[in-house]
Structure formats: structure tokens, C-alpha cells
J.: 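Take a look at the following structure, please.
Naming: A, B, ... by sequence-line order, numbering from 1 per chain.
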Protein chains: 2
Amino acid sequence: MVRQGEGGPVAVTLGDVARHAGVSLATASRVLNGSTRTVTGDLAAKVKASAETLGYLPNAPAQALARATGATLGVLLHDVADPYFGAIARGVGYAAAKAGLLSLVISTDGDPERELHAIRMLHAQRVRAIVLAGSAYSDPETGRRIDQALAAYRAQGGAVAAITDHGPAYDTVLPANRQGAAKLTRALLALGHRRIAVITGPERMRVAEERLGGVLDTLAAAGLAVPERWLQRAEFSRDGGRAAIGRILDAGAADERPTAVLALSDICAAGVLAELRDRGIGVPDQVSVAGFDDIPLATDLAPALSTVRLPLLRMGEEAVRLALTGQGNGGVRRVELAAEPVLRASTGPCGAGGPTPRCANP
Amino acid sequence: MVRQGEGGPVAVTLGDVARHAGVSLATASRVLNGSTRTVTGDLAAKVKASAETLGYLPNAPAQALARATGATLGVLLHDVADPYFGAIARGVGYAAAKAGLLSLVISTDGDPERELHAIRMLHAQRVRAIVLAGSAYSDPETGRRIDQALAAYRAQGGAVAAITDHGPAYDTVLPANRQGAAKLTRALLALGHRRIAVITGPERMRVAEERLGGVLDTLAAAGLAVPERWLQRAEFSRDGGRAAIGRILDAGAADERPTAVLALSDICAAGVLAELRDRGIGVPDQVSVAGFDDIPLATDLAPALSTVRLPLLRMGEEAVRLALTGQGNGGVRRVELAAEPVLRASTGPCGAGGPTPRCANP
DNA sequence: ATGAAAGCGCTAACAC
DNA sequence: GTGTTAGCGCTTTCAT
């Protein structure tokens, strides 16, 4: 009942190598795939030579079956084509490669159902680890099912690590969203801005909430509050940002505008910049704009975007490290990664553009 | 000799489901994983119920071993974090998901050795297909070894598809690099530009050569040639573009400047724009700039970048389709995808900025 | 240090 | 339509 690659010659197996080298299957396995047991250098050489001449390539699924765990790992994210996730995927891939693993990347577009399905697929694949990079924001019901799926996976020896908070159950890499946001806010205050608008993400999105918290707390500490019309929620996308700034600008007269707009994601900020340009509003002269993440694009926007730098690649690498080391030993581990503001051309001192903007408290 | 997920309970197997449902292994297999054979609706329901209550999850490696082919596919590219490749990876992932496959993505940074190694890993995984998305430019020696590795993979039933030309051996998705470049060039000519500089990619990079060919031929047809100092090679990266435009500008006096610069990749063009801005050279007033690819970033640059739109997502999807359908039937298939110029704010009529630029033939 | 052999979980002949 | 059974290629115990 042997099926084989459609019409192709069947692959060279370990058995072939063993026979060719005149040793047992066990010995061949030991030399070709790291075992604790040791083999005479003499035989080892012979086996290697045979493998080489025969062009032996191990059958990974067979190994995975026998070892009960594969040489792969999975990453769950919203969209690989999004620069934020692309960079994380790269970091994960890099660390995976260093550990001899291949990485399966799955774009879920933030759809919890697809996320759930993806977890099951990865579990079925017996991946060594799952990295959660999409900022999960699901209804409690689906959230619970996702946690269950993950728990089942872990119960069978799988490792899970999260990037940004996905609940207390997982080892997680935490960029300093809150502190980064606070620092950026202080920088804006130092520039004299008092009339600050904020564009944040969907309500259930943890990263967004953290960042928003950092902003609002800092503002509060300075005795400031953000009027409701200047606090907009938007998808973390270009169009989301564009629409949000539109709402802010349309909410009041021209002299009732904020002097600074803080978009809690760079991709959003790009939309803000675009809309501002279309409306002929000068940045940073009439209004300062800042983002968050420091995706590569940030430098290339005009004006170059002030933002908070997140070590995206590093976040991916760190998550893999977390997942691959000492899982299940002590309690849950959390590694915090610093996030520093980077001030570029899109922000300037309040009132720089002339007498128009009022820099006082709204 | 049963090893199991570190300390965890062992997984529910098909056997468990069969026993629980009171049917044979074969029957359970047939209902749970599509077989041609049909099963009574009655039994089928029972099996499904058992699988559900037991929380059965198939063991993909075991299936792959038994079927001699896995439920995965691999994509080889330079760097997922690069917007061009990120979009392609997304398209591949999308099509893969539609076919019920998971996708392994590997960033090789264009290193032929790593590419070779990656192919072997993917082959070992028994992936169903390999998509070549990195524009291969290797020395002939490594190129040959890569072709061999791919041939071995195909000999065992693997499918290969390429995005952009990777040699005559593979089914390939061909964006109209040459025609797109030609059309863009004609658009520049129509704007009155005659003094055109070109920034292309590394010499061995096929895509770059195709695009360059399109530009040069079109120019030649108009009786124009690009002076050597205005034809620069650069890595397809931001810094590559930046350095290249620097060389062009430094090559002559200010009145010896090109009136238009054609960068054969958007990411390069972003660098060009940055350098121009730093030098205080107005775009498009003093010099027009255009790119190639139409990555999402292009719209967000200031001025928004004129470029050639490539259907990146579609390219990825199409490659998967190619790989997954009728491989090995007729000869090699090539699907051409249109590439249309998109004129935005970074290009303008020659001489628009005042009397300075000479729009005549250099 | 080496070999023989028993599975890992599943699929697909083949028989009924 | 359903069950029996022989592998798929590899790892790992167990004996030598």
C-alpha cells in the first residue's frame, strides 16, 4: 500500500543509509540525528558518508511522530503585511531559525474564530511553541474557548508565549506601552502643548488601553483632561486614523482645534498626516502629530513622524526565547522591554506656526 | 517506549475515538478525514459526536507520514518585514489557508546558502509546495545546487512555483516588470522630462534587470540614453536609494542635474525622497521622483510617490494556485500580471519649478 | 558501543 | 459500507 510522491522515485530513507553503511538502523539514527548515546568515530564517519552520497534527507513528519513533537513553531498575528507584525514575524523567524525550527505564520486579521482555528491547526501540527502576537481582543466567550484550546495544547507539552498582554496565563513579552506613552506625553507637554487630542484603538484591544492609560494618567497629573470629542477610537489602520482625525477636526471651529494629536499607532498616524495634508493643515506648524511603534515607515513620512520606539524584532525573538526555555518551571514570566520616545519633525513647540493656536488649557 | 508531551496527558487518538464510537479505526478515519469511501450517515454522526466529546485533534505529522505529504507549504523570501515581501507572504498565506494549508515562511536575506538550506528543510518537512519569492541572484555554482535541491524535491512529488523569473524550470508568476517600467518611462517623457536618472538594483537581480530593460528601451526609442553617472546600482533598500541619489547629485554641478529620477523599487525611492529633502531639493518642483511596486507606504510618503502598481497579494495567491494545480502536466506555465503606472504627487511636468531645469536632452 | 524490535497515529489496500 | 491489517520512516528501550 505504498503511496509515493506522484510518480517520483521514493525518498532515500534512514534504512537505506544504514544498509549502505553496513550498520543498524539505530546506529544510523544516532549519528545522523543528535542522540545522547555515543557512536564510534569510525562508524559515525561511515554513516555520514553514506548519507552524503545517497543524498539522505530526514523525513520530518516521521521524526515528529516518533518524537511526539515537531521542528516547527507557530506565530499568530493580525496581518504579516502590516509593518508592525511583519517586524515581529521577522524576529520570531530569526530566533526560530537559530533554534533549528521553521516558523508557521498565520494572519488572522484579528478574527477570534480564525484565531481559534489556527491554534487547533498548530496543535495538530505538534508545533513546539505558539507565539501569540495579535493583540487579542475577543468577546469573553470566544476568549474562553481560545484559552481552552491553548490549555489543551499546553497540557500536551506545547509552549506558549505572548507578545503584549494576553492574560495572566502566559509567559509574555511586554513592551513598555504605558511608560512609553507617558514619556511621549510628557515630551508633548514640555513643548507647550495643552490642547491634546488622542486617537486610540478599539476598546477591547489591550495594547491600546495600556497606551491610552499612560497618556491619560500623565495628562491628569498635569491637571489636564481630554475632552470627549478629542478622544477618538479607530482601527489601528491608515484609514482608521484618517477618519478619526476627520471627526476631531469637524467637531469644532478652526480655533477650537487641538495643537497636538497623539495617534497610538504609527499606521494610524500616517492616516492622520495624510488627512491633514489634504486639508492643508500644516504639521507641525499648526498641529503636532505623534505616533507609536516606530515602524520603518515612520522616518519616511513627511514630516518624519515623532513616535515611541518599540524593539519589534527583539520582541519576536524574546517571545521565542521565553517559549523555548524552562516553560512550566516557576510561575509565569514577564519580560519588560523599554520603549523610548523619538522626537522627529512632526512635533514642534506649541504656537510655532504663528499666533493662531492657543496653547492654553482648553 | 512511549514518550509524551512533557508530563502532560497523552493526546486523544483516532483509536480512542473509534473505540468510543464503537466503530473500526478505518471508519473513524473515513468520516473524520475526507476519504472517497462513503460512510452511513448514522455511523458518521456517532463518530463525529465521539470526536467532539473527546476533543479529538488529528495528529498532522502522523497523517503526513501516512499520506507521504504534509498539509503545509513553504515560501522563500528575502525578508518578511520588507513591505514588498510582506504583501506577497500575505497573499500566499491567504491562498494556503483557502486550500487548508499552513504556510512556513522563511526569510533568507537573499543569502543563497540559507536559501539552499531552507529548501532542504522544507523538503524534509514534505511540504506540499514551495513558493520562490526572493528574486534569486546567486553565483552560478550555488544556483546550480539550488536547482538540484529543488529538482530532488520535485522528483518526490513536490510542487514549485516562482514569483518573478527564477529560470525556465518553474511555473512562474510574472508581473509585467518590463512593460510597467516602459509605461512609467513614457509617462515621464510625456511630462517633458529628458534628463532622467535611473537607480536600479544589483546586477544579478532579475527583476531589476527587467525593469531597467523596460526603461532603457523606451528611452532609446525616444532617442535618449542614460549617461553612466546617472545610472546607479543600489541595494533595493532605503539606504541603498539614499546613497545612490547622493552619487548622482554629487556627480555634477547643480545645473547638471537630472529633472527626474526613476528608482526601480519604492523602498529605494523612499531613500531618494529622504535625501532630497535633507538637501533641500524640492520634489517635484526641482526634480521628479518615481518608484516601483506600489507598496502601501508609497501613498504615505510626501510627496506621495508615483510608481508602478504591482498586484502583490495577487502574485502570492497566484503562485500558490500555480503550485497546487496540475503541476507537471504540460510544460512550464507562466502567468503574466499587469503592472500599471500610478502617477501621484512626486512627479510633475519638467520645468514646473521655474526656469532652472533644462528640459532638453542632456 | 551496537543491534533488534516495538511502537508513534494514521491511511489505504484488501477482504468481507 | 465496514473492518482487518500492513505499513509510512523514525526514535528509543532493551538486550547484548
J.: In whole angstroms, how far is the C1' atom of D:dG9 from the CG atom of A:Asn59?
T.: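 Distance, rounded to whole Å: 6 Å.
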J.: Could you tell me how far apart A:Tyr56 (OH) and D:dG9 (P) are, to the nearest whole angstrom?
T.: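 Distance check: A:Tyr56 OH to D:dG9 P gives 10 Å.
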J.: Please state how far atom CZ in A:Arg67 lies from atom P in C:dA6, giving the value in whole angstrom units.
T.: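 Checked: the CZ to P distance equals 22 Å.
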J.: Rounding to a whole Å, what distance do you find between A:Leu25:CG and D:dT11:C1'?
T.: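 Nearest whole value for this atom pair: 9 Å.
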J.: Rounded to whole Å, how long is the line connecting atom CG of B:Leu14 with atom P of C:dC8?
T.: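 Whole-Å distance recorded here is 14 Å.
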J.: When the distance from CG of B:Leu32 to C1' of C:dA12 is rounded to whole Å, what number comes out?
T.: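 Answer to the nearest Å: 16 Å.
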J.: Do the side chain of A:Arg30 and the base of C:dG3 come within less than 3.5 angstrom through a donor-acceptor pair of N or O atoms?
T.: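 Indeed there is one.
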J.: Can you tell me which nucleotide in C:dG9, D:dT2, D:dG1 comes closest to the side chain of B:Leu43?
T.: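 Side chain of B:Leu43 sits closest to D:dT2.
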J.: Rounded to whole Å, how long is the line connecting atom CZ of B:Arg126 with atom P of D:dG9?
T.: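 Atom CZ in B:Arg126 sits about 8 Å away from atom P in D:dG9.
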J.: Less than 4.0 angstrom from a charged side-chain N to a carboxylate O is my criterion; do B:Arg90 and A:Asp109 meet it?
T.: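 A salt bridge is present here (some side-chain N lies under 4.0 Å from a carboxylate O).
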J.: Tell me whether the OP1 or OP2 atom of D:dT11 has a side-chain N or O from A:Ser29 closer than 4.0 Å.
T.: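 Result: yes.
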J.: Please compare B:Ala62 and B:Thr27 by the position of their nearest nucleotide in DNA chain D and report the one closer to 5'.
T.: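 Here B:Thr27 is the residue nearer the 5' end.
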J.: Closest-nucleotide mapping onto DNA chain C: is A:Thr40 or B:Thr13 further toward the 5' terminus? I mean the 5' end.
T.: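 Going by which nucleotide is closer to the 5' end, it is A:Thr40.
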J.: Base, sugar-phosphate, or nothing for B:Pro58, non-hydrogen atoms under 4.0 angstrom?
T.: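 Result for B:Pro58 = sugar-phosphate.
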J.: Before accepting this row, confirm whether a basic side-chain N of the pair A:Glu115/A:Arg145 lies closer than 4.0 Å to the acidic partner's carboxylate O.
T.: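 A:Arg145 and A:Glu115: not salt-bridged.
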J.: Is the phosphate of C:dT11, meaning OP1 or OP2, less than 4.0 Å from a side-chain N or O of B:Asn33?
T.: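 The answer is yes; a side-chain N or O of B:Asn33 sits under 4.0 Å from OP1 or OP2.
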J.: Taking NZ, NE, NH1 and NH2 as the nitrogens, is one of them in A:Arg314 or A:Glu317 under 4.0 Å from a carboxylate oxygen of the other?
T.: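 The answer is no: the pair does not qualify as a salt bridge.
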J.: Between D:dG1, C:dC8, C:dT11, spot the one nearest the side chain of A:Leu65, thanks.
T.: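 Of D:dG1, C:dC8, C:dT11, C:dC8 is nearest to the side chain of A:Leu65.
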J.: Taking only the side-chain nitrogens and oxygens of A:Gln63, find out if one of them lies under 4.0 Å from OP1 or OP2 of D:dT11.
T.: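 For D:dT11, OP1 or OP2 has a side-chain N or O of A:Gln63 closer than 4.0 Å.
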J.: Return the minimal non-hydrogen interatomic distance between A:Ala21 and A:Lys46, and the atom names on each side.
T.: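 Distance-wise, the nearest heavy atoms are O-CD, 3.8 Å.
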J.: To the nearest Å, give me how far apart CG (A:Asp16) and P (D:dC8) are.
T.: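 To the nearest whole Å, that distance equals 11 Å.
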J.: Quick one: are B:Tyr153 and A:Leu57 in side-chain contact, heavy atoms under 4.5 Å?
T.: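 Of all side-chain heavy-atom pairs linking A:Leu57 with B:Tyr153, none is under 4.5 Å.
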